[in-house]
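Working notes, structure below.
So you know, we letter chains A, B, ... as the sequences are listed, proteins then strands, and number each from 1.
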Amino acid sequence: MIRSLINRSLQGHLQALIQAGQLPDAAYPPMQCEAPKQPDHGDLAVPFALGAARIAGMNPRALAELLVERLRQDPLIASVEIAGPGFVNLRLSPTAYQQALNAVLNSAGQSVLRDAGHFGRPSCEKPERINVEFVSVNPNGPITIGSGRGAAYGSALCNVLQAAGHTVHREYYINDGVNSEQMRQFALSVRALKLGTEFPEKGYKGDYVQAVADQIEPQGDPDVIWWQQEAQALMLQRQRRDLETFGVAFDTWFSEQTLHDSGRVQACIDELEAKGIADRQPVRRSLKLGKKGVIEDVIVEDQPVDEDDAAGSEPTVWLRSTKLGDDKDRVLRRKDGRLTYIAGDVAYHDDKFNRPANADRLITVLGPDHHGFIGRLNAVVAAMQMSFLQQDQLEDTTKDQAQTGEFVFMNLPDLGSGGELEGLEASAQEQGHLFVDLDRFLIDTGLVKLVPERLAKLHNAIPVKKDGMTLWVAMENPKNREAIDQIQQASGCDVRPVIAHPTAIENAIRKTYTTDSEGEPLSEIDAKRYVSPAERDACQAAAKDAESKLLVQIYQLVRFMKDGQPAPMRKRDGNIYAISDLIEEIGAQAAPQADREEQVRIGRDVARFFYLMRHHDTTFDFDLDLAARQSDENPVFYVQYAHARIEQVLRRAREEAGSLYPDSNAVNGGLAATARDLHEREKQLLLQVCALPDEVALAAEDGAVNRLTNYAMELARAYHGFYDTCRVIDTDAPEVSQQRLALCVAARTALQGVLELLGVSAPLRMDRPAAPSE
RNA sequence: GCCCCGGUAGCUCAGUGGAUAGAGCAGCGGCCUUCUAAGCCGUUGGUCGGAGGUUCGAGUCCUCUCCGGGGCGCCA
């Protein structure tokens with residue numbers, strides 16, 4: 001935040017130098033400052049001259065000289081010097097610190113999650129609606145300490161994305177499909193325990209199964225499905241409660257079975273077949289991958305057609321996911337008619353994109369055992385988003401289109417601005433086609449791509465005539481009634497929505513109005529999985545597009561360590577280690593004297609913080625002994641203690657020196673009134689406080705939530721250092737005292753902010769642990 | 001066979017292409033009659049697994065390689 005203040009100023013200086021002709025006008029990298037590694041290098045360092053020297057054709061030090069000359073006049077900067085090969089090191093003026101501090105104080109008492117004006121929220125260049133799915137385990141057991149990592153990571157990721165300015169939807173997918181074998185086994189286990197019938201061979205054991213059985217009261221003799229639904233409902237209840245205790249809440253608990261019940265799954269399979277991306281050919285393709293995912297070969301295996309089955313059953317329906325980059329084709333419907341898990345996934349992802357408040361982007365958080373899912377999920381999204389293929393027809397279209405003269409075009413925002421679009425418009429009009437500019441209709445053009453009638457006809461849509469004209473609208477989301485009505489009203493035409501992949505249509509248009517070749521012919525390997533170059537291009541475009549719409553975040557394994565040894569994931573009594581057990585154990589050991597509620601709070605704080613300490617895509621050892629230790633080594637307490645210390649100081653200030661600290665407004669005003677050179681520790685603390693929005697932005701950018709635990713520790717360190725050196729409450733020096741109180745409030749604001757994002761509490765006080773008796 | 005992750009101080013790990021690679025713990029030595037010592041300060045400790053390459057500059061990017069951890073091969 002303080003950096004963006006300076007960065008703005010730096011950019012201004014750069015522009016001024018260019019305008020004054022002191023620097024050649026060229027494409028320089030942005031001039032930005034960074035935190036120097038060594039404190040004696042100043043408050044901030046600007047490495048700009050190093051990178052820009054070559055572009056400007058000057059040596060770095062000479063360029064740095066130019067900068068220094070201007071920077072000396074900047075009121076935010078106290079001193080400047082050139083160091084090393086061409087670094088410009090800055091020391092900030094009291095004014096700069098003051099401005100920064102006041103900006104932070106304005107956020108005191110606010111929530112970084114809910115208050116958009118909070119200083120810790122970076123400015124978001126492109127706010128998106130993001131659906132984040134996480135945890136999503138089968139409802140046949142409690143949330144384990146393994147999935148605990150996904151729960152902690154997913155929930156913190158959501159917080160970070162939200163603070164970064166996005167609209168986040170937290171979602172849990174319930175794998176409650178009635179034809180799931182695992183769930184059937186679970187139901188049978190519960191029934192056996194309840195009725196004393198024979199226990200299934202692959203049954204589920206453990207106290208929690210018994211607990212579920214105890215709660216079920218069967219009337220009459222219900223079937224297995226009934227048992228399954230009862231059992232999973234109860235298990236889900238437990239999961240939900242445990243997750244809540246762990247500080248994890250969802251906006252939507254989405255049931256897989258509802259997709260089957262409503263027929264959506266079957267409808268999606270039909271749609272995929274109509275598109276030509278799924279079929280019933282008795283073959284399966286798989287990709288032979290070499291290093292770096294290069295496709296070395298496509299293996300086509302014939303699938304046996306069993307004569308005996310032929311009578312009553314239908315052929316297997318295959319999703320040709322190899323066309324979309326997955327390493328093998330996937331079964332959507334088995335020949336006995338059962339729908340596969342992936343078939344449900346197709347409908348589920350389709351649903352996520354087609355809700356009233358649909359998502360721009362999906363993030364799915366999965367565990368290490370789901371690593372192989374990335375390719376198939378991407379294929380699933382690509383398949384549903386892509387246009388109807390029917391390869392031979394598509395080829396046809398591109399050849400014949402130019403002669404039909406039956407096009408209606410609408411503005412195609414994806415084609416970009418300027419010449420290219422105007423060129424298309426001109427050539428369309430030359431040939432007597434109508435070009436409709438959506439901007440004139442004031443419609444959200446992001447929803448609408450374009451309308452080539454003949455192409456649309458091939459997409460199985462039915463024409464409607466009005467004044468001899470039909471408007472075919474190719475949309476990414478053809479179920480958006482609101483948008484369709486809007487277009488209908490604005491254009492005065494009948495509107496037919498068509499689902500179509502924008503890139504495929506864009507290519508078709510290009511081919512019609514340019515003399516470009518029809519693309520590279522199929523390579524020998526590609527000929528084994530694609531019918532035509534057009535199909536290849538459409539599939540690859542769809543797969544690439546899917547990659548930008550679905551981000552799969554895989555978190556790596558956690559190893560729990562006890563006494564320096566890996567601890568088993570089961571407890572001694574054979575029960576699964578649940579996240580609730582972990583919370584209770586840590587709480588009980590770390591605070592044996594506290595009441596239960598307090599122990600749960602402590603257990604949750606420690607567990608969450610520990611899970612989040614390492615990058616999610618890295619295996620890490622969860623040190624159970626350290627987690628349960630109530631000492632200086634435990635980083636959670638180190639951070640929380642900093643907050644408790646601040647609270648203590650502020651309490652004391654109110655009690656003992658009320659004149660210094662009548663209310664927070666006075667602290668604010670008192671600070672603005674005075675300017676003095678800050679103590680080195682004060683500067684370090686304030687700089688650290690001001691780094692919060694930068695950290696949030698970086699964490700949101702690549703999902704690296706662990707940055708914030710590091711930040712929290714550094715911030716706490718800065719505060720502890722300040723606290724030990726700088727006396728806050730001092731009635732003999734009221735002005736300094738007030739400034740330091742303000743600094744405390746600022747530090748508290750940042751600490752509360754980062755802890756809120758991590759889902760860890762900020763305690764008002766922490767009593768010293770009793771000294772171990774000798 | 002392929003994919004993902006890791007290899008940095010004795011241990012656990014930080015380290016957006018930039019200056020002399022940093023913390024914590026462990027070791028050693030200091031600091032409580034002043035806001036909570038769950039704290040602070042000083043100090044010891046390094047061929048960043050190895051080899052090439054990219055460039056003004058590489059722990060960071062690319063290629064190859066060695067050693068660990070995990071995963072995948074119509075089960076969801």
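To the nearest angstrom, P of C35(B) lies 15 Å from CG of Asp732(A). Atom P of nucleotide U12(B) and atom NZ of Lys562(A) are separated by 20 Å, given to the nearest angstrom. As a whole-Å value, the separation of Leu626(A) CG from A26(B) P is 11 Å. Look at CG on Asp702(A): it is 9 Å from C1' on U16(B), rounded to the nearest Å. Taking atom NE2 of His720(A) as the reference point, atom P of G39(B) lies 6 Å away to the nearest angstrom. Rounded to whole Å, the distance from CD on Glu714(A) to C1' on G24(B) is 12 Å. Taking atom CG of residue Asn710(A) and atom P of nucleotide G15(B), one finds them 6 Å apart after rounding to whole Å. For Arg614(A) and G24(B), the CZ to C1' distance is 10 Å, given to the nearest whole Å.
Scanning atom types as modelled, one donor and one acceptor separated by under 3.5 angstrom connect the side chain of Asn89(A) and the base of A19(B). You'll find a donor-acceptor pair under 3.5 Å spanning the side chain of Gln303(A) and the base of C74(B), going by distance alone.
If you check every strand for non-hydrogen atoms under 4.0 Å, Leu50(A) touches a base. Within the nucleic acid shown, Cys726(A) comes within 4.0 Å of at least one base atom, counting heavy atoms only. When heavy atoms are screened at a 4.0 angstrom cut-off, Phe722(A) is found touching no nucleic acid atom at all. Residue-level contact check: Gly290(A) touches the backbone only, with heavy atoms under 4.0 Å from sugar-phosphate atoms and none from bases. If you check every strand for non-hydrogen atoms under 4.0 Å, Pro47(A) touches nothing.
Closest-nucleotide positions on RNA chain B for Ala45(A) and His370(A) were compared, and the one nearer the 5' end corresponds to Ala45(A). Along RNA chain B, the nucleotide nearest Thr619(A) and the nucleotide nearest Asp327(A) are compared for position; the residue whose nucleotide lies closer to the 5' end is Thr619(A).
Under 4.0 Å is where a charged nitrogen must lie from a carboxylate oxygen, and between Asp724(A) and Arg727(A) no such pair does. A salt bridge does not link Arg629(A) with Asp625(A): every distance from a Lys NZ or Arg NE/NH1/NH2 to an Asp or Glu carboxylate oxygen is 4.0 Å or more.
Under a cut-off of 6.0 angstrom, the local environment of CD in Glu181(A) is crowded, with over 12 non-hydrogen atoms contributed by other residues, nucleotides or ligands.
Only the P atoms considered, A38(B) is 35 Å distant from A21(B), to the nearest whole Å. Taking atom P on both nucleotides, A14(B) is separated from G24(B) by 16 Å, rounded to a whole Å. The same atom, C1', is picked in U34(B) and in C13(B); the two are 37 Å apart, to the nearest Å. Of the C1' atoms belonging to G50(B) and G7(B), the separation is 11 Å, rounded to the nearest Å. G59(B) and A26(B) have their P atoms separated by 31 Å, given to the nearest Å. Between G57(B) and C72(B), the two P atoms lie 45 Å apart (nearest whole Å). A distance of about 16 Å separates the P atoms of U60(B) and C64(B), rounded to the whole Å. A gap of 15 Å separates the C1' atoms of C67(B) and A51(B), to the nearest Å.
Comparing A38(B), G39(B), C74(B) by their nearest atom to the side chain of Gln630(A) picks out A38(B). The side chain of Lys328(A) lies closest to G73(B) when the candidates are G73(B), A19(B), C75(B). Of the candidates G71(B), C5(B), C35(B), G71(B) carries the atom nearest the Asp369(A) side chain, counting heavy atoms from C-beta on. Here the side chain of Gln648(A) is nearest to one of C35(B), G71(B), A19(B), namely C35(B). Comparing A19(B), U36(B), G71(B) by their nearest atom to the side chain of Met766(A) picks out U36(B). Of the candidate nucleotides C74(B), C35(B), C40(B), C40(B) has the atom lying nearest to any side-chain atom of Arg681(A). Each of G70(B), C25(B), G39(B) was ranked by its minimum atom distance to the side chain of Asp724(A); first place goes to G39(B). For Leu289(A), the listed nucleotide lying nearest its side chain is C2(B); candidates were G70(B), C2(B), C75(B). Among the nucleotides C4(B), U36(B), A19(B), the one closest to any side-chain atom of Arg652(A) is U36(B).
Under the Watson-Crick and G-U wobble criteria, each requiring two contacts below 3.5 Å, nucleotide G45(B) is left unpaired. For U63(B), the paired base is A51(B) (Watson-Crick or G-U wobble, both distances below 3.5 Å). Pairing partner, G10(B): C25(B), with both Watson-Crick or wobble hydrogen-bond distances short of 3.5 Å. Taking a pair to require two hydrogen-bonding distances under 3.5 Å in either a Watson-Crick or a G-U wobble arrangement, C74(B) remains unpaired. The partner of G17(B) is absent, by the rule that a Watson-Crick or G-U pair needs both atom distances under 3.5 Å. Pairing for A37(B) is absent, judged as Watson-Crick or G-U wobble with the two contacts each under 3.5 Å.
Between Tyr723(A) and A37(B) there is a side-chain polar atom (N or O) within less than 4.0 angstrom of OP1 or OP2. The phosphate of G22(B) (OP1 or OP2) has no side-chain N or O of Arg717(A) nearer than 4.0 angstrom.
Rounding to the nearest 0.5 angstrom, the gap separating the OG atom in Ser255(A) from the CD1 atom in Ile174(A) is 5.5 Å.
Using the six-membered ring where Trp is involved, Phe610(A) and Phe622(A) have ring planes that are tilted, between 30° and 60° apart. Under the 30°/60° scheme for interplanar angles, the aromatic rings of Tyr348(A) and Tyr173(A) are found to lie parallel.
Contact check of residues 634-641 of chain A against RNA chain B (heavy atom, cut-off under 4.0 Å) returns Phe637(A), Tyr638(A), Tyr641(A).
Sequence neighbours left out, the pairs with a member in residues 702-715 of chain A that pass side-chain hydrogen bond (donor to acceptor under 3.5 Å, both in side chains) are Glu695(A)-Arg707(A).
The glycosidic torsion of C32(B) lies within 90° of 0, placing the base in the syn range.
Two rings, from Phe186(A) and Tyr204(A), have their centers less than 6.0 Å apart.
In summary, the side chains of Glu633(A) and Tyr638(A) do not present any donor paired with an acceptor at a separation below 3.5 Å, with no hydrogens or angles considered.
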Steps toward salt bridge (Lys or Arg N to Asp or Glu O under 4.0 Å) verdict (Arg614(A), Asp617(A)): CA-CA 8 Å; Arg614(A) 307 272 179 267; Asp617(A) 201 9; over 6 Å; no
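Note that Arg376(A) lies in the cation-pi zone of Phe373(A), set by a 6.0 Å cut-off to the ring centre and a 45° limit from the axis.
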